[in-house]
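I have placed the structure first, in the form of structure tokens, so that the comments after it can refer back to it.
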Amino acid sequence: MSYTEEIYERVVNQNPGEPEFHQAVKEVLESLKVVIDANEEEYRKLGILERLVEPERIISFRVPWVDDQGQVQVNKAYRVQFNSAIGPYKGGLRFHPSVNQSILKFLGFEQIFKNSLTGLPIGGGKGGSNFDPKGKSDREVMAFCQSFMTELSKYIGADTDVPAGDIGVGAREIGYLFGQYKKVQSVYEGVLTGKGLTYGGSLVRKQATGYGVVYILDEVAKAHNDSIQGKTLIVTGSGNVAIYAAEKATQLGGKVVAMTDSSGYVYDPNGINLDVMKDIKEVKRARIKEYAERVPGSTFTAGKGVWNISCDIYLPCATQNEIDLDAAKKIVEGGCKYLIEGANMPTTIEATNYVIENGVVFMPGKAANAGGVATSALEMTQNSMRISWSAEEVDEKLHGIMQDIFKKVDEASKRYGMEGNYVAGANIAGFEKVVDAMKAQGVV
Ligand code: NDP
């Protein structure tokens with residue numbers, strides 16, 4: 001058995017009931033096999049893979065809070081501090097009823113390689129809770145955030161671990177979390193990113209993940225002598241990543257014809273009107289169905305099935321494993337040319353293999369959605385220097401970082417004779433830097 005196979009088996013045996021974590025490890029180890037095999041003896045002796053797949057620390061805690069009826073509620077919460085070889089732990093907080101240790105370990109593991117790809121000094125981490133902000137009053141969300149941060153604040157800091165947003169954690173939640181950190185720690189520092197502009201946030205952070213997805217799509221298209229201009233797109237999700245991916249794609253001449261939320265999808269052959277979508281999702285926090293009620297010519301369909309619509313470019317920007325093999329078959333059948341992951345691991349391993357085998361150009365989330373964390377790192381820089389860059393400056397840096405990520409991914413895939421395999425390229429390029437730092441720092 002090869003070293004990578006042994007480690008995968010070890011992960012499955014030692015982490016029972018964690019399928020998402022197993023899936024993320026499998027995908028990474030499969031594409032690192034060629035690199036590991038070439039240095040197997042050295043890596044085995046140093047226990048590189050054993051250390052890489054084991055989080056440095058997981059903090060698990062309860063979050064008690066009082067709802068509007070005066071009832072005490074208790075949620076589970078975690079922070080996975082996965083790998084600090086190249087910098088302080090960095091990665092978002094997710095508030096969603098599906099959150100468990102497996103999901104946060106998969107996200108934290110992916111984050112190690114993503115953060116490495118940005119070229120910035122940030123390690124990998126992730127956290128969150130099974131709390132569902134949907135349908136809660138602002139007071140309830142604040143009560144939860146305050147209780148959550150009272151505990152988490154003991155383990156994070158501007159130079160140790162800097163969380164950000166993710167599913168269910170947007171500007172409102174980050175504000176409450178930051179306020180509580182400041183109160184209990186008596187320190188005003190850049191301990192969270194995605195902050196509001198009046199208290200240390202960075203311009204363009206809100207847009208960064210979605211814009212970054214489209215900047216890398218643009219690089220991919222150029223590498224295939226193509227462009228976004230005139231293409232039809234489907235963007236899944238209608239949250240932070242989806243809305244700004246749709247916005248940038250539209251600015252670059254693409255037409256987004258469908259978007260989703262967990263209740264279903266809207267189809268608008270004239271191109272999604274993003275002002276309406278932002279009002280529904282960012283202001284009213286309402287369901288996507290309202291779009292079809294407001295925009296003539298558009299339709300709402302409940303449930304999954306957005307893949308039945310054909311498009312040139314698919315940008316899954318909602319959640320993990322939304323594209324399974326059946327969906328992948330529909331996507332290929334519809335003539336899709338590019339599938340660029342805005343969400344983390346939205347495509348199952350079987351679906352990824354199927355689309356790639358059928359000629360779809362595929363860019364994995366750890367490269368494509370790295371613009372968010374990269375801009376978070378730019379927010380950290382601005383906080384520690386106590387300065388604010390203009391929107392143009394941040395956008396230009398983000399654009400440059402995404403171009404650089406594409407180059408690294410493309411170059412690594414070519415170096416190992418797998419040209420165009422961006423899954424392998426992203427994993428290899430991310431891994432090389434982290435492993436170099438781990439080796440230099442000794443057995444810690
Ligand atoms: P948001 O909470 O802003 O939006 C999430 C969107 O996905 C919503 O439209 C939501 O629908 C939908 N969604 C969530 N869960 C499901 C589900 N189980 N089934 C169907 N639809 C679902 O999150 P973000 O936009 O911030 O994050 C989206 C993805 O991008 C995640 O995978 C996240 O990890 C990843 N990401 C986010 C970054 C960021 O900067 N925010 C950075 C890098 C990656 P509904 O409202 O109905 O639940």
Side-chain angles (χ1 to χ4, degrees), residues 20 24 90-99 103-104 106-111 113-115 117-118 122 124 126-128 131-135 163-174 192-194 201-202 204-213 216 235-247 258-266 277-278 280-282 284-291 300 302-306 315-324 327 340-347 364-377 379 398 402:
E20 295 85 1
K90 183 93 198 82
L93 296 171
R94 177 176 292 191
F95 293 169
H96 191 272
S98 63
V99 163
I103 289 183
L104 295 179
F106 118 63
L107 289 164
F109 185 67
E110 290 280 291
Q111 198 84 39
F113 306 97
K114 178 190 312 194
N115 292 2
L117 280 173
T118 66
I122 39 180
K126 199 82 188 188
F131 173 75
D132 187 1
K134 228 180 277 164
D166 190 77
I167 291 178
V169 179
R172 175 183 58 172
E173 290 76 17
I174 292 288
L192 290 160
T193 56
S202 174
V204 190
R205 173 61 189 91
K206 181 171 75 170
Q207 296 85 351
T209 308
Y211 279 18
V213 170
I216 210 161
V235 180
T236 67
S238 45
N240 176 259
V241 179
I243 285 179
Y244 293 96
E247 180 168 279
M259 292 182 78
T260 73
D261 70 11
S262 59
S263 65
Y265 62 92
V266 287
M277 189 60 85
K278 284 183 193 175
I280 294 169
K281 288 294 174 183
E282 295 186 334
K284 295 189 169 154
R285 300 178 189 274
R287 309 312 294 152
I288 208 165
K289 189 171 182 224
E290 193 177 319
Y291 183 91
F300 169 74
K304 296 185 177 181
V306 66
L315 304 181
C317 298
T319 194
Q320 64 275 358
N321 293 331
E322 38 171 323
I323 303 178
D324 59 13
I340 312 290
E341 293 187 325
N344 285 310
M345 208 169 75
T347 321
K366 66 172 70 70
N369 68 32
V373 75
T375 308
S376 276
E379 184 174 328
L398 167 65
M402 297 315 294

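These numbers come from the heavy atoms of this one structure, side chains and all, not from hydrogens, waters or symmetry mates. Each ligand, and each atom within it, is numbered from 1 in the order the structure gives.
Among protein heavy atoms, atom 41 (N) of ligand 1 sits closest to Asn240 OD1, 3.5 Å. In terms of protein heavy-atom proximity, atom 9 (O) of ligand 1 is closest to Ser238 N, 2.9 Å. The shortest contact between atom 16 (C) of ligand 1 and any protein heavy atom is with Thr319 CG2, 3.6 Å. In terms of protein heavy-atom proximity, atom 11 (O) of ligand 1 is nearest to Ser262 N, 3.3 Å. Of all protein heavy atoms, the one lying nearest to atom 32 (O) of ligand 1 is Asn344 N, 3.1 Å. Looking at atom 28 (C) of ligand 1, its nearest protein heavy atom turns out to be Ala318 O, 3.2 Å. The closest protein non-hydrogen atom to atom 27 (O) of ligand 1 is Ile167 CG1, 3.7 Å.
Heavy-atom proximity to Arg94, at under 4.0 Å, picks out these atoms of ligand 1: 31 (C), 32 (O), 33 (C), 34 (O). Close approach to Cys317 involves these atoms of ligand 1, each under 4.0 Å from a residue heavy atom: 28 (C), 29 (C). Ligand-side atoms of ligand 1 in range of His96: 15 (N), range being under 4.0 angstrom from any heavy atom. Within ligand 1, counting atoms from 1 as listed, the ones closer than 4.0 Å to a heavy atom of Gly168 are 2 (O). Atoms of ligand 1 lying under 4.0 Å from at least one heavy atom of Gly237, given by number and element, are 9 (O). Annotation for ligand 1: atoms under 4.0 Å from non-hydrogen atoms of Ala343 are 29 (C), 30 (O), 32 (O), 35 (C). Residue Asp261 approaches ligand 1 through these ligand atoms, each under 4.0 Å from one of its heavy atoms: 9 (O), 11 (O), 47 (O). Listed by number with element, the atoms of ligand 1 under 4.0 angstrom from any heavy atom of Arg205 are 40 (O).
Summarising the local packing, NZ of Lys278 is surrounded by more than 12 heavy atoms from other residues, nucleotides or ligands at distances under 6.0 Å.
Ligand 1 is never approached by Gly170 to a heavy-atom distance shorter than 4.0 Å.
Side-chain atoms of Arg94 do not come within 3.5 Å of backbone N or O of Gly127 as any donor-acceptor pair. Panel note: side chain Asn344, backbone Gly365; no donor-acceptor pair is recorded below 3.5 Å. In this structure, the side chain of Glu290 does not engage the main chain of Ala286 through any donor-acceptor pair within 3.5 Å. Remark: side-chain polar atoms of Ser238 are paired, donor with acceptor, to backbone N or O of Thr260 under 3.5 angstrom.
Considering Lys206, Glu282, Lys134, Arg287 only, the shortest heavy-atom separation from atom 48 (O) of ligand 1 involves Lys134. Considering only non-hydrogen atoms, atom 34 (O) of ligand 1 lies nearest to Asp166 out of Thr375, Thr193, Asp166, Val241. Distances from atom 6 (C) of ligand 1 to the heavy atoms of Gly239, Gly342, Ser98 show the closest one on Gly239.
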Practice item. Could you give me the CA-CA distance, side-chain angles and deciding distance for Arg172 and Arg285, then say whether side chain to side chain contact (heavy atoms under 4.5 Å, CB included) is met? Key: CA-CA 12 Å; Arg172 175 183 58 172; Arg285 300 178 189 274; 3.5 Å; yes

Exercise for review: Output, in order, the C-alpha distance, side-chain angles, deciding distance and verdict of side chain to side chain contact (heavy atoms under 4.5 Å, CB included) for Ile243 and Gln207.
Suggested key: CA-CA 8 Å; Ile243 285 179; Gln207 296 85 351; over 6 Å; no

Practice item. Check step by step if side chain to side chain contact (heavy atoms under 4.5 Å, CB included) holds for Ser262 and His96. Key: CA-CA 12 Å; Ser262 59; His96 191 272; over 6 Å; no

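Side chains of Ile288 and Phe300 form a contact here, defined as non-hydrogen atoms less than 4.5 Å apart. Taking 4.5 Å as the limit, every side-chain heavy atom of Val306 sits out of range of all side-chain heavy atoms of Met259.
Residue-to-ligand polar distances keep Lys126 apart from ligand 1: every N/O pair is separated by 3.5 Å or more. Looking at ligand 1, you'll find an N or O of Thr209 within less than 3.5 Å of one of its N or O atoms.
Going from atom OH of Tyr211 over to atom CZ of Arg205 covers 13.5 Å, rounded to the nearest 0.5 Å. Between the CG atom in Leu93 and the CG atom in Leu104 there is a gap of 9.0 Å [rounded to 0.5 Å].
Screening Leu315, Thr347, Ile323, Asn369 for a side-chain contact (heavy atoms from CB on, under 4.5 Å) involving Glu341 leaves a single residue, Thr347.
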